[in-house]
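Working notes, structure below.
Residue numbers start from 1 in every chain, and the chains themselves are labelled A, B, ... in the order their sequence lines are given, proteins ahead of strands. Since the structure is predicted, the reported quantities are computational estimates derived from the model, not experimental observations.
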Amino acid sequence: MSAEADATATARKGAASALRVLGLPAVLIALWWWAAASSGSFFLTDPGTIAATFAEVWISERFLTDVLPSVGLLLTGYALAAVLGIGVGVPLGMSTRLRAAAEPVLEFLRAVPPPVLVPLLMLLVGLDTSMRAAVVVSGCVWPVLLNTVEGVRAVDPVLADTCRVYGIRGRRRLGVLVLRSASPQIAAGLRQALSIAIILMVISEMFASSSGLGYAVVQFQRSFAIPEMWSGIVLLGLLGVALSAVFARAERHALAWHRGLRAASRGE
Amino acid sequence: MTAAPAARPAAGTGAGPGPAAAAPRRPLPGRDALLGVAGGAAFLLVWEAVPRTPAVSADHLPPASEVLATLAARSATGAFWSAVGATVSAWALGLAIAFAAAVALGLAIGSVPALRAATASTVEFLRPIPSVALIPLAILMYGSDLRSTLLLVVYASFWQIYIQVLYGVADLDPVAEQTARAYGLGRWARLRHLVWPTALPYLLTGVRLGAAVALILTITAQLTIGTPGLGQEISVAQSSGAAPLVYALIVATGLLGVAVNTGVRAVERRLLRWHSSVRGEAAV
Amino acid sequence: MLDVDGLRKTYSGRGREVEAVRDLTFRLGEGELACLVGPSGCGKTTLLKCVSGLMRPTAGTVALDGRPVTGPPPDMAVVFQEYGRSLFPWLTVRGNVELPLKEKRLPKARRRELVDGALEAVGLAHAGARHPWELSGGMQQRVAIARAIAYEPRVLLMDEPFAAVDAQTRADLEDLIRGLWKRFSMTVLFVTHDIDEAVYLGQRVIVLSASPTVVQDDVRVDLPDERDQLTTRSAPRFAELRAQVYREIQTAKNGGGPSGADGAGTGGAEADGAADPDDPEADKGTGGADGPERTPTTTGGPR
């Protein structure tokens, strides 16, 4: 086989994978375009206009006044919820009695749909930024907490015995055994919490704010600024996609051992 | 170190089995339940006590007794039950639509590798889009109609179920697949006897996740869009400043959530009695 | 040096009481290599857990150098049967071996020396940077052994360490253990269900009866000190000893327990199953996560 043929083969392979990745999105965008053009519907804006509006609306000072504060708020609330959830989840996971005592209350609290916290916290804390952060925290903490409890509970007894035999206890035990072995489950909880965080950020702004991304999008909708509204929806979508991509990357890095272990045990 | 156990220093060397000196203490069967009741009671007590301290105003956090009394009074009204009914039916309808679509598409796309590859990038992009981003669109298109709620609910719960179906179909044991082919099972028979049982545990996991998400989005839509239901009631109570009622309705949504979770888990357990993950879970 | 005296362990769960170990008394001298062998399900694992201080006996005592064992003693190391689960999958091979030394607060240079020495001794000097799950089963068990010797224990307990590796690897590991035992002059208590292994490895073979367990016999292995797989195993004396232990175990199975335990070898897993209803309060003080539910939770499956 010549190098040339090799090169064409790789090129063909590259083209095929590009088609696989970009083919359907291209078709869908084309369809959207066609539908917007042919239907003449008031609500349906074509992708070209949305893209142009997007640049105009969001690549401006609005990015600093509406987008960044929202994202900052989301991340702050999310981080606080993560710390709180893991911090409370670990002792609950380690003690059977604590867990038995807390279980019914936790079952109930986790079942409360987080968005109802928005009106609640409006009553409690008022309309300001700390209320919005509190909403994000109080909604995100449950998946993290419950998954931490499950993960800590499921620590391998042989590993736990190993730690006892070698006198590993206290903080090192927490770091090297408990948190590490619970980490895949904690990551699952953090992942659920992330999508809840976005929901809560958006609706707390829609519901109870005079600034922020969610507020801006609702304002556009109320004033029938349709292309602007679409650009806001696109921005929210991109935000969700970006956050989940960052999360997936971090998870892949932190849980490399877990994937390796699973691949190894499946291979046997 | 651990509290010194009852290992007495060589009392009566080789004296054989004495009467169980350090009697192994087993928890009573009802111990956990008792602790749970105690935990719940403590929670209610704290809730009752805190508003009576100067730290928190009872206007903001009414004591538990008042909230529960409000809930009891409210649940005697027809309006409350029609709100519950509206919430439950929107939830159930949305979940059912998402389920049907996700299973059909998931089985079809999941079992054809080419289709799966072609749709992967799109799915990866669409899935993390928060469904609340669709709220303005839903309002514009459907107003405060049931369809607004359904749009959000279906979008959010569809992905949960769809992804699990894809995992389930991918988990198919190649040996079983080859065996089935070797015995000449047709496409339909393979789907029925091979793909479906393999994918079922995953599917039910998807339904469990999807059901919770669907409830969240149902309430969200009612809160923000104002479609009728518990969410809307909460929003109304909040804007009229009726704190006890807000809390009472939130407790009601929590109870609804518990009912949904328990119900779905019961269905899962029943359908998967043969599956080890459920058996293991039940044993714990 | 290691004294087990009148050891008894009963489990009570779901209304009935199971007597796993009835009355065990034996003694190990300094630097001895003894093998414990018994029919499957005779409570070998329970015994080892009591000896290592991981589990409290219902009655009787375990003493190391005259001091009663109430928790894992600092100069004792244990190698578990489940090598895949006793190594930390998120640590490298080196990290696994080094971890207990960190807890001992040894200086860095000393740790490096010990880890290098231990890995060298088990023939894994090249694998330090890899993760346990990248290695074969036999190699993983070598890592666990390296971790144990780097800890510089005076007593090494081994709980059916080679039950889950293939025969060839097993022979290599047996020779490894004898080599390490001589080199590091430790006291070794080696639990196995394999009669050949027990006779080949030990200076002594302690034969246990079927459950509820007592010491059935204590056989001196008077084979020459230099052993190798080929000549030792084909020596007439080896065959005699092997036959003696075999007969003891048969008697143990038939006459031993009123329960008429079926000795049909299914590996030593039963004892672990019985260990399930562990008493919870033992762990409370140190904030141990290993509470009562010892049920291994598999993380697989759709969750």
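Within the 4.5 angstrom heavy-atom criterion, only side-chain atoms of B/Leu217, from C-beta onward, approach chain A. Using a 4.5 Å cut-off between heavy atoms, A/Pro25 touches chain B through backbone and side chain atoms alike. Heavy atoms closer than 4.5 Å to chain A are found nowhere in B/Val260, neither backbone nor side chain. For B/Ala243, the parts lying under 4.5 angstrom from a heavy atom of chain A are both the backbone and the side chain. The contact between B/Phe43 and chain A is made entirely by side chain atoms (from C-beta outward), counting heavy-atom distances below 4.5 Å. Interface remark: A/Leu194 contributes no atoms to any contact with chain B (heavy atom separation under 4.5 Å). Looking at B/Ala117, the atoms closer than 4.5 Å to chain A (heavy atoms on both sides) sit in the backbone and in the side chain alike. Using a 4.5 Å cut-off between heavy atoms, B/Val246 contacts chain A through its side chain alone, with no backbone atom that close. With a 4.5 Å cut-off on non-hydrogen atoms, A/Phe224 touches chain B through its side chain but not through its backbone. Only the side chain of A/Ile226 comes within less than 4.5 Å of a heavy atom in chain B; its backbone stays farther off. Of the two parts of B/Leu34, neither the backbone nor the side chain holds a non-hydrogen atom closer than 4.5 Å to a non-hydrogen atom of chain A. For a residue to count as touching a neighbouring chain, one of its non-hydrogen atoms must lie under 4.5 Å from one of that chain's; by this rule A/Leu238 touches chain B with the side chain only. Both the backbone and the side chain of A/Val116 come within less than 4.5 Å of a heavy atom of chain B.
The two atoms that bring A/Ile233 and B/Ala133 nearest to each other are CG1-O, 3.2 Å, heavy atoms only. Closest approach of B/Pro136 and A/Met206 over heavy atoms only: CD-CE, 4.0 Å. Across all their heavy atoms, A/Pro113 and B/Ile216 have their closest contact at CB-CA, 4.1 Å. Summarising the geometry of A/Val105 relative to B/Gly40, their closest heavy-atom pair is CG2-CA, 3.7 Å, with the distance given to 0.1 Å. A pairwise comparison of heavy atoms in B/Pro130 and A/Gly237 identifies CD-CA, 4.1 Å as the closest pair. Nearest heavy-atom pair, A/Leu24 versus B/Ala118, reported as atom, atom and distance to 0.1 Å: CB-O, 3.7 Å.
The choice from B/Gly39, B/Gly257, B/Pro128, B/Gly241 that makes the most heavy-atom pairs within less than 4.5 Å of chain A is B/Pro128. Comparing B/Ile234, B/Leu137, B/Thr224, B/Leu215 by how many heavy-atom pairs each has under 4.5 Å with chain A, the most go to B/Leu137. The candidate from B/Leu223, B/Thr119, B/Ile129 with the greatest count of non-hydrogen atom pairs under 4.5 Å with chain A is B/Leu223. Of all the listed residues (A/Gly232, A/Ser195, A/Gly240, A/Ala111), the one sharing the greatest number of non-hydrogen pairs under 4.5 Å with chain B is A/Ala111.
Within the 4.5 Å cutoff, no side-chain heavy atoms of B/Val132 are placed close to those of A/Leu236.
Atom CG in A/Leu120 sits 11.5 Å away from atom CG in B/Leu249 (nearest 0.5 Å). Put simply, OG1 on B/Thr262 and CD on A/Glu107 are 7.0 Å apart, with the number rounded to the nearest 0.5 Å. Here CG of B/Asp32 is found 10.0 Å from CZ of A/Arg97. Values are rounded to the nearest 0.5 Å. For the atom pair CD1 (B/Ile139) and CZ (A/Arg222), the distance works out to 7.0 Å, reported to the nearest 0.5 Å. Rounded to the nearest 0.5 angstrom, B/Asn261 CG and A/Arg110 CZ are separated by 5.5 Å. In this structure, OG1 on B/Thr220 lies 4.5 Å from CD1 on A/Ile203, to the nearest 0.5 angstrom.
Contact annotation for residues 241-250 of chain A against chain B (heavy-atom separation below 4.5 Å, listed by residue number): A/Val241, A/Ser244.
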In sequence, state the C-alpha distance, the side-chain angles, and the governing distance for A/Gln221 and B/Ile135, and then conclude on side-chain contact (heavy atoms from CB on, under 4.5 Å). CA-CA 10 Å; A/Gln221 173 253 313; B/Ile135 289 177; over 6 Å; no
